[in-house]
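Naming convention: chains lettered A, B, ... in sequence-line order (proteins, then strands); numbering from 1 in each chain.
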Amino acid sequence: MNYWLIKSEPSVYSWDDLVKEKQTIWSGVRNYAARLHLRAMKKNDELFFYHSNEDVAIVGIAKVAKEAYSDPTSETDAWVAVDVKPVRKLKTSVSLSMVKTNKKLSGMALVRISRLSVQPVTAEEWNQVLTMAGEK
DNA sequence: GCCAACGTTGGC
DNA sequence: GCCAACGTTGGC
């Protein structure tokens, strides 16, 4: 099982929207690095759902409901989408500043490659964030 | 609203 | 193949 992090601006699509909708298509990714990660996702892999721009925090856990397929919002076959569904909201959301102050998370892609919208999370990082969220 | 970081495009 | 110019993302 692998772990990932996906970003969304809450004004465009928030965690609450995902919960309301029960499942959504993660489409519109037009970045090669992000596409690589989308393609590597397996069913039931877990994802941190991150709010960018406004909330600037990891707010919940989602999982892969359907592995990568051709993105219907693209006119070519070059891009892919996955389906994700909510698992649960974190007890306490973990803000970016909290992540930055945690030395164990200094290698996290969220800190190092801030513009990447779909990124891998190691098991260590995953557990560390869960601890900060009061889940452990 | 500003700006840094990064990706993409296009001229040479 | 290099690099300047430009556009976009995202934190503050």
Side-chain angles (χ1 to χ4, degrees):
Chain A
M1 159 118 93
N2 287 306
Y3 301 108
W4 312 93
L5 180 145
I6 54 175
K7 291 183 182 176
S8 185
E9 295 186 36
S11 61
V12 178
Y13 196 88
S14 70
W15 169 259
D16 289 341
D17 292 331
L18 179 63
V19 170
K20 220 176 294 165
E21 235 188 316
K22 303 234 173 35
Q23 180 164 326
T24 195
I25 170 172
W26 211 255
S27 61
V29 173
R30 297 291 182 272
N31 173 284
Y32 292 110
R35 184 178 73 183
L36 211 66
H37 300 313
L38 282 182
R39 282 184 172 156
M41 285 182 188
K42 295 291 174 202
K43 194 172 160 72
N44 294 324
D45 274 1
E46 293 190 304
L47 315 101
F48 281 138
F49 194 98
Y50 177 83
H51 278 169
S52 64
N53 280 319
E54 286 161 52
D55 215 19
V56 199
I58 298 166
V59 294
I61 298 172
K63 70 175 182 177
V64 178
K66 188 178 175 191
E67 293 176 17
Y69 55 98
S70 183
D71 185 343
T73 69
S74 168
E75 288 182 11
T76 73
D77 296 339
W79 302 105
V80 296
V82 297
D83 287 352
V84 303
K85 56 183 176 186
V87 175
R88 66 176 188 279
K89 191 173 186 170
L90 293 179
K91 275 185 194 162
T92 317
S93 51
V94 177
S95 70
L96 180 63
S97 60
M98 284 166 70
V99 170
K100 282 184 174 168
T101 30
N102 188 331
K103 281 189 185 133
K104 290 178 187 160
L105 294 177
S106 62
M108 227 179 142
L110 188 63
V111 181
R112 292 197 355 265
I113 322 168
S114 63
R115 284 187 52 196
L116 189 58
S117 60
V118 179
Q119 44 184 260
V121 175
T122 67
E124 291 76 23
E125 289 161 356
W126 183 269
N127 288 321
Q128 192 60 37
V129 171
L130 286 187
T131 302
M132 294 170 87
E135 300 270 336
K136 295 207 162 188

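In this structure A:Lys136 satisfies the side-chain contact (heavy atoms from CB on, under 4.5 Å) test together with A:Asn127, A:Leu130, A:Thr131, sequence neighbours excluded. In this structure, the side-chain contact (heavy atoms from CB on, under 4.5 Å) partners of A:Asp17, at least two apart in sequence or on a different chain, are A:Tyr13, A:Ser14, A:Lys20.
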Can you give the donor-acceptor pairs under 3.5 Å from side chains of residues 52-59 of chain A to other protein atoms, not counting sequence neighbours?
from: A:Asn53; atom 1: ND2; to: A:Glu9; atom 2: OE1; distance (Å): 3.2
from: A:Asn53; atom 1: ND2; to: A:Glu9; atom 2: OE2; distance (Å): 3.1
from: A:Glu54; atom 1: OE2; to: A:Ser11; atom 2: OG; distance (Å): 3.1
from: A:Asp55; atom 1: OD2; to: A:His51; atom 2: ND1; distance (Å): 3.3

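From the 5' end on, the contacts that DNA chain C makes with chain A at under 4.0 Å to a non-hydrogen atom open and close at C:dG7 to C:dC12.
Sorted by first and then second residue, the ring pair (Phe, Tyr, Trp, His ring centres under 6.0 Å) pairs with a member in residues 113-136 of chain A read A:Tyr3-A:Trp126, A:Phe48-A:Trp126; sequence neighbours excluded. Note on residues 71-111 of chain A: pairs passing ring pair (Phe, Tyr, Trp, His ring centres under 6.0 Å), not counting sequence neighbours, are A:Tyr32-A:Trp79.
Within 4.0 Å of A:Leu96, counting heavy atoms only, lie sugar-phosphate atoms of the nucleic acid but no base atom.
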